[in-house]
Amino acid sequence: MAGWEENIRRVNPYTPGEQPQGKDIIKLNTNENPYPPSPKTIEVMKSMDFGSVGRRYPDPNAKGLVGALASYYHVGTDQIFIGNGSDDVLSVAFLAFFNSEKPIVFPDVTYSFYPVWAQMYRIPYREIPLDADFRILPEDYESENGGVVIANPNAPTGVALPLTELEKIIRSNSDAIVIVDEAYVDYGGDSALRLLDRYDNLVVVRTFSKSRALAGARIGFAISSPRLIQVMNDVEQSVNSYPLSTMSLLAGEASVADEEYFRERIRDVLRTRARSVIELKKRFFTILPSETNFLFAAPTRISGNEMFEQLRERGVFVRHFSSERLNDYLRITIGTDREMDVLFAAIDEIQE
Ligand code: PMP
């Protein structure tokens, strides 16, 4: 074995959902938005002067997008951190805030990237089981720790924690940073942004990948106090001066400016979600209450894995997790009504 072998960092990377290609497939496996980004965003991309945009480095302060988000959320420009998707933002936050010998804590079950970053950055961690109804219990988060991460609404369950409950966790952990990952909050959860004025240990993380239909542009951001945002910027600037391309910065800014389109598409997804719950119940699925753009639903006639495989054979992609607690369930992204109809027809055929 070569000497350098022992110096290699060994990691177990996060596995993203697959990105199958092909026109006829129905892709309900990565919680993307089924609708395109705002037409105004598309227009900005089309009319961009790529000759100059491509030649120059992006604005390292991302002033345009930071300014747009600061006005939108009524916070200072020094309270916004921009990253390359919220995965980047979360990764920077882990690096920036979790430097204690004490373990950080997050639920078991939650976004499966959290343990990966913890391992990558050698942060000790402890996972706290959800209760029997897949709920987070604030009293479980009162023991001493090096930090807390809560996805709210949670993934892949879709279940939201009421703000009063989340506030208990933030309040009882005043000596540690609490990161609240709000990737799905635009679909119904209560945002912790309202608590920012009251707690100096709170960092709220958001993404443009779901409700703003810009997963391909890779835009995420954090909102917190100027002090904590400064720390995140210092960490990011020690790794990469330009985490976002100018194209993405322009797309993000245009998206924030088109509020009407944003609201309409959220309404469309919520309408289809309500209908999908009814249709899946007719087909004997057990479904967790969702405040997101996906449903965590278990078929009861055949196993989760069997349903997953059979849907896949029919060109319908959903997500299945093989861990013991989750393997009865499928995570089904809310698509267009037409896409959902194809899913329901495929389920009928499988369960015939
Ligand atoms: N947090 C949660 C809970 C997610 O489900 C996802 C999507 N995989 C992300 C963060 C990351 O999203 P993105 O990097 O596209 O912003």
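Throughout, residue positions are numbered sequentially from 1 according to the sequence presented. Atom set for the values below is all heavy atoms of this structure, side chains included, hydrogens, waters and symmetry mates excluded. As the structure lists them, so they are numbered: ligands from 1, and atoms in each ligand from 1.
- In this structure, atom 1 (N) of ligand 1 lies nearest to the protein heavy atom Asp181 OD2, 2.6 Å.
- The shortest contact between atom 5 (O) of ligand 1 and any protein heavy atom is with Tyr184 OH, 2.7 Å.
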Given the rule in the salt bridge (Lys or Arg N to Asp or Glu O under 4.0 Å) test, do Glu18 and Arg312 qualify, once you have shown the distances and angles that lead to the verdict?
CA-CA 11 Å; Glu18 59 188 315; Arg312 199 167 185 281; 2.8 Å; yes
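- Salt-bridge formation is detected for the pair Glu32/Lys27: a Lys NZ or Arg NE/NH1/NH2 atom is positioned less than 4.0 Å from an Asp or Glu carboxylate oxygen.
- Checked for salt-bridge contact, Arg206 and Asp186 meet the test: a charged N lies under 4.0 Å from a carboxylate O.
- The side-chain tip of Arg325 points at the ring of Phe134 from less than 6.0 angstrom away and within 45° of straight on.
- For Ser224 (side chain) and Leu228 (main-chain N/O), no donor-acceptor pair under 3.5 Å exists by modelled atom type.
- The nearest protein atom to atom 7 (C) of ligand 1, hydrogens excluded, is given as Lys210 NZ, 2.9 Å; this is a heavy-atom distance.
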- Query: Would Asp181 and Tyr114 satisfy side chain to side chain donor-acceptor pair (under 3.5 Å), going step by step from the backbone distance to the final call?
  - Reply: CA-CA 11 Å; Asp181 176 357; Tyr114 303 155; 2.7 Å; yes
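- Residue, atom and distance of the protein heavy atom nearest to atom 14 (O) of ligand 1 are Arg218 NH2, 2.8 Å.
- Atom 15 (O) of ligand 1 has Ser209 OG, 2.6 Å as its closest protein atom, hydrogens excluded (heavy atom only).
- Every salt bridge (charged side-chain N to carboxylate O under 4.0 Å, His left out) that Asp341 has, sequence neighbours left out, goes to Arg275.
- Looking from atom 12 (O) of ligand 1 to the surrounding protein, the closest heavy atom is Ser86 OG, 3.2 Å.
- Listed by number with element, the atoms of ligand 1 under 4.0 angstrom from any heavy atom of Gly85 are 14 (O), 16 (O).
- Listed by atom number, the atoms of ligand 1 under 4.0 Å from Ala183 heavy atoms are 1 (N), 2 (C).
- For the pair Tyr111 and ligand 1, the shortest N or O to N or O distance falls below 3.5 Å.
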